[in-house]
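Reading through the structure tokens given below for one structure.
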Amino acid sequence: MTDYQKMEDAPVGPLPPPYALSKLNDDKEGLLKGLTDSEVAELVKKYGLNEVPEHKEPLWKMFLKQFTGPMQIMIECAALLCFLIHNWPDFTIIMILLLTNGTLGFFEEMNAQASVDALKAGLEKKMPVKRNGKFDSIPVLQVVPGDVLFMRGGDIVPADCYWMEGDPCQVDEAALTGESLPVKVPRKDDDGKPFSGRQMWSGSILKVGECQAVVSHTGVNTMIGEAAKAIQEAGGKDIGVFEGKIIEAAQVLILITVLVVTFLFNFMFFVQSVPLTEVLEMSLSLVIASVPVALPMVMKVTLSIGAKELADEGGIVTHLTALEEIASMKVLCSDKTGTLTTAQMTVYYDDTAKPYSGYTREQVLEFASLASNEANKDDPIDSAVLRAYAKMKGASNVDAAVEKRQKEFTLDKDGFMGFNPIVKRTCAAVTASDGTKWFCAKGMVDVILKTNADDEGKQWTVENYETMSKEAHKADADLGVSGFKTLGVAVSKNGGPMQFAGILPIMDPPRHDTKETIRKIKESQVAVKMITGDHHNIGKELARQIDLGTDIRTPDCLQPPGDARDLIVLQADGFAKVKPLDKHEVVSVLQDKGLVVGMTGDGVNDAPALAKAQIGIAVHGATDAAKSAGDIVLTRDGLSPIYTAIQISRRIFKRLKSYVIYRICITVQVVFFLAALAIFYNLRFKALYIILLALFHDLQIVTIAYDHQIAGLKPETPTVLGLLLQSYSMGMLMFAQTMLLVSCGHLFLSDKYADGYFASVGATSAGTEMDKYMETTIFLQISNSSAILIFSARTVSFFFTSMPAWQLTFSTALGQVLINIWCLWAPSGLVDKLEPMDVAMVWLYDIAWLLFLDVVKMFAGRLWDKYKPASIDRNPALAAKDRNSRRLSNNLRPSYMLAQVGDHHGVDDKLSQLPPGQRNSVRLSRTFKK
């Protein structure tokens with residue numbers, strides 16, 4: 001028996017098959033003999049198993065990784081300080097926050113390991129394989145290059161292979177290449193690619209026929225293997241764009257805090273001779289004040305609530321960081337089949353259809369339906385014709401329409417001739433209810449006009465062939481340029497000559513909401529590009545129908561790499577005839593330009609690009625591979641949930657930005673207040689108050705996740721400088737606010753405060769903690785001003801111009817009611833009992849300053865908008881397309897004037913009268929008009 005253990009030293013990368021391709025013809029019988037067990041053993045050593053290699057991170061390592069990020073290390077330092085000075089209450093609170101955040105991140109990351117598993121799922125089954133001269137059913141995991149497979153309709157092709165013998169087959173490659181219709185195997189080889197017409201890709205579905213095929217590539221060497229490898233190389237998305245900027249801003253803040261702590265440590269310990277324990281406690285209070293301990297919790301809660309909101313709108317978030325990224329998304333790359341379109345072929349019988357020989361469009365469709373097999377629901381053409389017929393007849397479904405038709409037309413005995421790749425047509429002999437005999441045929445236009453004498457079945461040449469052939473071929477070519485596939489229909493009445501009845505256009509139509517959704521996404525200043533494996537003309541016509549833009553390119557323009565290539569990628573409206581790695585390349589180029597890229601898709605062919613993009617979106621009905629590689633999985637048809645996700649994400653961005661501004665402000669206020677108190681007054685402030693303020697307000701602010709926000713009109717691009725400018729301008733003002741109360745509070749507060757003030761600033765109090773009543777008053781002022789600051793931080797105007805969520809209002813009010821009651825009654829002795837009038841005056845003082853803060857905030861915002869780098873808001877993809885659009889519009893202008901002079905038959909005469917430059921522009925415009 002062959003040893004099927006995984007070979008760890010199996011070569012990595014694409015390997016050629018163990019036989020020359022020429023043997024597919026020269027030694028067909030030899031290849032069809034299959035392999036022996038000894039040959040299989042040798043091939044397993046060389047190629048490995050038919051699987052996608054997997055490198056799973058141990059769960060313990062994944063869990064520990066949750067505690068090694070920049071923010072986590074900052075929090076751990078604060079916990080370490082608590083531990084060193086035996087401050088167990090604060091140590092417990094910080095550790096609970098740290099462990100909760102780590103556990104949430106651990107469970108989120110476990111979902112990421114499903115991507116490669118989904119790709120492998122397509123391989124975990126059995127199939128008849130010829131070994132030792134006979135077919136045995138063996139797991140496809142054990143298939144090696146050189147094996148002979150027996151496949152029938154419905155099987156998933158388990159490895160890249162070549163058709164050897166059997167029926168002509170139809171293979172559905174939509175999940176791999178984006179091609180809407182099944183491809184025929186065998187077929188004519190592509191130019192320069194011998195035997196490509198016999199190739200069948202791993203992961204495709206054999207729809208019709210039975211065959212034997214010889215395996216050429218397995219595992220990582222297949223197209224699916226390339227997709228899995230690209231997913232692995234793309235890696236995880238651990239930190240979002242905004243979170244990264246928040247961490248940078250926090251690092252700046254902590255650096256400043258470290259400098260202040262260093263100064264205070266030396267001043268208090270060496271100048272004021274404060275005991276080391278108290279100095280360490282003050283240092284701890286500053287560290288806790290500067291480290292946003294609740295930031296990971298606030299982000300997780302905010303993103304989780306946003307994910308719940310998106311789930312209600314038809315999108316399941318598998319990676320929470322994607323909800324941050326969408327707010328900054330500047331380019332959305334979309335697959336075509338199943339994403340922009342219905343993934344269901346549609347036959348058109350409106351003005352696009354071309355009737356001939358005196359028949360109407362409705363008659364042409366009815367003749368085509370008669371030549372369709374209602375029992376073969378898997379055939380995309382027959383089912384599309386019958387759906388269109390049912391719609392034309394107003395029937396509830398195909399079966400009802402066929403049942404009604406059977407009352408008018410009866411199929412003659414042995415009257416139906418089904419499709420096969422040789423005759424390329426279907427025919428039906430029927431008798432109408434009035435006794436008229438009809439013979440109907442549908443198929444390729446060329447074949448319907450004139451059958452090939454070497455074909456099987458009935459032969460004919462349509463009436464008036466020469467004239468009809470010219471008209472039909474012209475119409476067929478025009479429809480082809482417009483992106484339609486075509487279906488020719490011919491009929492014979494009562495044994496008379498065959499008449500060409502007409503041409504029915506076929507297309508995979510756009511979803512009903514695609515055009516509107518793309519318009520909304522573009523209005524949100526997000527560029528949209530279509531990336532499809534389907535034909536160029538089909539992609540171009542669809543792009544025209546949905547107002548995407550018709551500058552659709554082919555993969556040829558993606559090579560060689562360079563500035564010219566990059567500019568094309570930025571300018572193009574989309575790409576057609578692409579392979580999986582081409583999609584991956586387009587996303588890479590856009591990311592290299594500094595753009596946040598979203599990618600939608602539904603098939604295995606989309607998985608590498610979905611994993612590479614910052615936001616991978618698997619649409620409704622996507623394959624498991626696409627779902628696992630994506631960050632968001634849509635549960636509803638269409639792209640409308642993506643627009644909803646953009647709106648939700650931009651609202652989340654504003655909520656998180658509000659928190660960051662709020663948190664930096666109160667940190668700046670407290671840190672500079674403590675430093676100024678020591679320098680100018682030679683006084684100390686109770687460290688416990690600082691710890692209580694930091695932790696209490698961090699827990700209060702979690703309800704920011706529910707806040708009401710309006711999505712911005714353009715992508716949100718966070719910058720450290722922008723965050724720091726607004727935060728520090730407001731924070732320094734709040735520091736001044738507190739210091740003014742310290743120095744002037746005795747002028748308008750109670751006598752108890754005045755007595756405390758003069759006692760504190762007296763010579764005998766130098767280097768000691770300030771008077772307890774005064775300290776409690778300052779604590780209340782900092783607490784109140786910090787709490788109501790969120791109402792200013794959440795808006796760009798005055799705080800009263802936007803209504804906050806009731807949850808935020810309630811948590812803020814509840815927290816401050818408790819603190820104010822504590823200060824009024826002082827039950828624990830930690831604070832001094834305040835006079836009610838002092839509490840009221842502190843509130844009036846803080847509210848008056850809040851209005852002043854709003855003015856400073858708006859000034860800082862306008863200053864930043866005026867002087868910030870233009871590249872922050874600029875979208876190169878939109879700018880490039882706008883320039884290209886204007887340039888194209890200018891080039892087309894002469895043709896519009898020319899079109900008014902006469903019809904196209906006179907155009908060539910007019911061309912000679914124009915300058916050469918305009919002549920070329922006119923020719924270009926005529927191509928676009930086609």
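Applying the side chain to side chain donor-acceptor pair (under 3.5 Å) test between R651 and each of E309, Q709, H708 identifies E309 as the sole match. When each of T777, N784, L834, I821 is paired with V839, the side-chain contact (heavy atoms from CB on, under 4.5 Å) condition holds for L834 and for no other.
Judged by distance alone, the side chain of T812 and the main-chain N or O of L808 form a donor-acceptor pair under 3.5 Å. Formation of a donor-acceptor pair under 3.5 Å by the D631 side chain with backbone atoms of G616 is found in this model. Within the 3.5 Å criterion, the main-chain N or O of R650 finds no donor-acceptor partner in the side chain of R655. The backbone N or O of Y643 lies less than 3.5 Å from no partner atom in the side chain of K520, so there is not a single donor-acceptor pair. Remark: the backbone N or O of A645 is not paired with any side-chain donor or acceptor of S649 at under 3.5 angstrom. In terms of modelled atom types and a separation under 3.5 Å, the side chain of E325 and the main chain of Q614 share no donor-acceptor contact.
For A826 against D832, the heavy-atom pair with the smallest separation is CB-C, 4.0 Å. Nearest heavy-atom pair, I661 versus A793, reported as atom, atom and distance to 0.1 Å: CG2-CB, 4.1 Å. Heavy atoms only, all atoms of each residue included: L323 and A307 are closest at CD1-N, 3.4 Å. C665 and L789 make their closest contact through CB-CD2, 3.4 Å (heavy atoms, listed as atom of the first residue, atom of the second, distance). Nearest heavy-atom pair across S658 and I790 is O-CD1, 4.1 Å. Contact record, A675 with L264: CA-CD2, 4.1 Å, taken as the closest heavy-atom pair.
No side-chain heavy atom of T600 sits under 4.5 Å from any side-chain heavy atom of L610. The shortest side-chain heavy-atom distance between F798 and S792 does not fall under the 4.5 Å cut-off. A heavy-atom distance below 4.5 Å is found between the side chains of M739 and Y681. Between M774 and V742, some side-chain heavy-atom pair lies under the 4.5 Å cut-off. Inter-residue side-chain proximity for M329 and I646 is flagged as met; some heavy-atom pair is nearer than 4.5 Å. I632 places a side-chain heavy atom less than 4.5 Å from the side chain of I326. Within the 4.5 Å cutoff, the side chain of E76 has no heavy atoms near those of the L80 side chain. Residues V831 and Y689 meet the side-chain proximity criterion, which asks for heavy atoms closer than 4.5 Å.
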Task: Stepwise side chain to side chain contact (heavy atoms under 4.5 Å, CB included) test for V596 and K330 - done: CA-CA 6 Å; V596 176; K330 290 188 175 181; 5.6 Å; no
TODO: Apply the test side-chain hydrogen bond (donor to acceptor under 3.5 Å, both in side chains) to residues K857 and T795: give CA-CA distance (whole Å), side-chain angles for both, the deciding distance (0.1 Å), then the verdict.
DONE: CA-CA 9 Å; K857 172 192 67 182; T795 68; 3.1 Å; yes
Task: Pair D707-I704, side chain to side chain contact (heavy atoms under 4.5 Å, CB included): steps then yes or no - done: CA-CA 5 Å; D707 192 29; I704 191 72; 4.0 Å; yes
TODO: Carefully, step by step, assess C333 and V597 under the rule side chain to side chain contact (heavy atoms under 4.5 Å, CB included).
DONE: CA-CA 7 Å; C333 297; V597 181; 4.0 Å; yes
Open item on the list: Assess the residue pair T667 and R663 against the criterion (side-chain hydrogen bond (donor to acceptor under 3.5 Å, both in side chains)); give the C-alpha distance rounded to whole Å, side-chain angles, the decisive distance to 0.1 Å, and a yes or no.
Closed with: CA-CA 6 Å; T667 300; R663 193 61 177 81; 2.7 Å; yes
TODO: Just do the side chain to side chain contact (heavy atoms under 4.5 Å, CB included) check on I782 and V670 with the steps written out, would you?
DONE: CA-CA 8 Å; I782 295 176; V670 170; 4.2 Å; yes
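Taking the six-membered ring for Trp and thresholds of 30 and 60 degrees, F673 and F685 have ring planes more than 60 degrees apart, a perpendicular arrangement. The aromatic rings of F779 and W822 stand perpendicular to each other, their planes meeting at an angle above 60°, with 30° marking the opposite boundary. Note: Y662 and Y659 have tilted aromatic rings, judged against thresholds of 30 and 60 degrees for the angle between ring planes.
Separating the CG atom in L853 from the CG atom in L850 is a distance of 6.0 Å, to the nearest 0.5 Å. One finds the SG atom of C744 at 4.5 Å from the CG atom of L740 (value rounded to the nearest 0.5 Å). Rounded to the nearest 0.5 Å, atoms CH2 (W806) and OG1 (T703) are 9.5 Å apart. Summarising the geometry, atom CG belonging to L721 is positioned 4.0 Å from atom CH2 belonging to W864; distances are rounded to the nearest 0.5 Å. Separation of atoms CE (M599) and CG (L590) is listed at 10.5 Å; rounding is to 0.5 Å. Residue Q816 holds its CD atom at 8.5 Å from CD1 of I788, rounded to the nearest 0.5 Å.
In this structure, F852 has its ring center under 6.0 Å from that of W849.
Around the CZ atom of F859, the shell of radius 6.0 Å holds no more than 12 heavy atoms that belong to other residues, nucleotides or ligands. Atom NZ of K772 sits in a crowded spot, with more than 12 heavy atoms from other residues, nucleotides or ligands closer than 6.0 Å. The number of heavy atoms from other shown groups lying within 6.0 Å of CG (L844) is above 12. Taking a 6.0 Å sphere around OH of Y706, one finds it holds 12 or fewer heavy atoms contributed by other residues, nucleotides or ligands. Residue F800 places its CZ atom among more than 12 non-hydrogen atoms of other residues, nucleotides or ligands, all under 6.0 Å distant.
Residue pairs meeting the side chain to side chain donor-acceptor pair (under 3.5 Å) criterion with at least one member in residues 727-738, sequence neighbours excluded, are Q669-T738, Q737-D846, T738-Q781.
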